[in-house]
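Report on the following structure.
Ligands are counted one by one from 1 in listed order, and the atoms in each one are counted from 1 as well.
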Amino acid sequence: MRFASLGSGSRGNALLVEAGNTRVLIDAGFGPREMSRRLQRLGLSADDVDAVLVTHEHSDHIGGVFACARRFDWTVLLTHGTLAACRDDGADARTVIIDSHQSLSVGDICVNPFPVPHDAREPVQFVLTDGARRLGVLTDAGHVTAHMVAMLDACDALVLECNHDAKMLAAGSYPQALKRRIGGLWGHLENAAAASLLSQTGCASLRHVVAAHLSQENNSPALAQDALSAVLGCEADWIGVATQDEGFSWRDL
Ligand SMILES: [Zn+2]
Ligand SMILES: [Zn+2]
């Protein structure tokens, strides 16, 4: 099993996971042409992707989903609430409705969705496993819930939202209403909350931790790495950072 990011942040997200003969994307925040370009960097073409799992309807996650699905013949898996929030956009794509508490198989990958607190209709995040290894993915959550901690326990790799540093957000230039939304219970995870989540999960088997969905305005890679590395007692640069333009390259599990 291996995984890579095509880009992460408020201008577009897509995470690629491969196990056996199956490749799935989590989210597709890039249109078909940009998606193809980014897949090429990882040595793949759009035809190599079987399906896209959608976390929620915000455009940085779903912006390219239906155009790519139609163009590349991908199956789209999403919750009823997420599909309903898209209205007609998904009408002619091949969709599969998922239950936010029900595991399902996509080829050689077992997908375990779980609900998260975020200001979308029915947002979920995912733990993916090939039976031997577990990859936990969490972006776009306003706060840490006991259920999130339980789902992300004992993973071999974690991709964790480190959206903002609370002090930088408070001191930054965003309008007050936006600051309240981002920092609120249904907004985005700050570095300290991501660190708290990490400290509550079983870290013993972790081979990779990657900070993701960083705000370019209200965070820095170093702050996110410091927050997560303090929990694990590792070197700061052992913590990976998913960037907006590059994402990150393949990591093996
Ligand atoms: Zn969102
Ligand atoms: Zn987002």
Side-chain angles (χ1 to χ4, degrees), residues 3-17 24-31 34-35 38 52-68 76-87 89-90 98 100 113-126 136-145 147-148 151-152 158-166 168-169 172 174-175 177-191 193-194 197 210-219 221 224 240-248:
F3 62 104
S5 169
L6 304 181
S8 177
S10 59
R11 288 188 286 112
N13 295 274
L15 186 83
L16 186 61
V17 183
V24 299
L25 281 170
I26 296 179
D27 292 325
F30 309 105
E34 182 65 14
M35 185 63 76
R38 290 180 184 238
V52 53
L53 305 163
V54 183
T55 59
H56 65 298
E57 68 272 23
H58 291 160
S59 61
D60 53 324
H61 299 266
I62 210 167
V65 164
F66 295 116
C68 287
V76 181
L77 297 100
L78 72 186
T79 63
H80 175 73
T82 298
L83 181 61
C86 303
R87 298 197 184 87
D89 290 353
I98 60 173
S100 58
F114 57 97
V116 294
H118 188 55
D119 52 4
R121 190 87 165 254
E122 193 183 355
V124 289
Q125 295 290 326
F126 300 101
V137 178
L138 174 77
T139 65
D140 297 71
H143 62 279
V144 176
T145 67
H147 187 53
M148 281 158 51
M151 290 300 295
L152 294 169
L158 284 175
V159 176
L160 273 188
E161 171 167 53
C162 288
N163 179 259
H164 59 278
D165 171 79
M168 282 182 77
L169 178 66
Y174 281 11
L178 184 56
K179 288 184 182 182
R180 275 197 299 275
R181 192 219 140 214
I182 291 169
L185 289 173
W186 286 270
H188 289 277
L189 220 55
E190 60 161 308
N191 294 341
L197 170 58
V210 183
H213 213 299
L214 270 70
S215 166
Q216 291 182 321
E217 189 95 1
N218 303 307
N219 208 356
V241 175
T243 64
Q244 181 68 79
D245 290 335
E246 302 291 329
F248 58 85

Original post:
To the nearest 10 degrees, how large is the angle at the Zn ion (ligand 2) between His213 NE2 and Asp60 OD2?
Top reply: 90°

**OP:** Give, rounded to 10 degrees, the angle between NE2 (His61) and OD2 (Asp140) as seen from the Zn ion (ligand 2).
**Re:** 90°

Subject >> Matching residue for Val54 among Ile26, Leu25, Leu78 - test: side chain to side chain contact (heavy atoms under 4.5 Å, CB included) >> reply: Leu78

Original post:
Going by atom types only, do His56 and Asp140 share a side-chain donor-acceptor pair under 3.5 Å?
Top reply: yes

**OP:** Taking atom types as modelled, find out whether His188 and Glu161 have a side-chain donor-acceptor pair closer than 3.5 angstrom.
**Re:** yes

Original post:
Looking at Ala84 and Arg121, what are the two nearest heavy atoms and their distance?
Top reply: CB-NH2, 3.8 Å

**OP:** Could you confirm whether His56 has any N/O/S atom lying under 2.8 Å from the Zn ion (ligand 2)?
**Re:** no

Original post:
From the Zn ion (ligand 2) out to just under 2.8 Å, does an N/O/S atom of His188 turn up?
Top reply: no

**OP:** Using the side chain to side chain contact (heavy atoms under 4.5 Å, CB included) rule, take Asn219 and Glu190 through it: C-alpha gap first, then chi angles, then the decisive distance, then the call.
**Re:** CA-CA 9 Å; Asn219 208 356; Glu190 60 161 308; over 6 Å; no

Original post:
What atom name does the N, O or S atom of His58 nearest to the Zn ion (ligand 1) carry?
Top reply: ND1

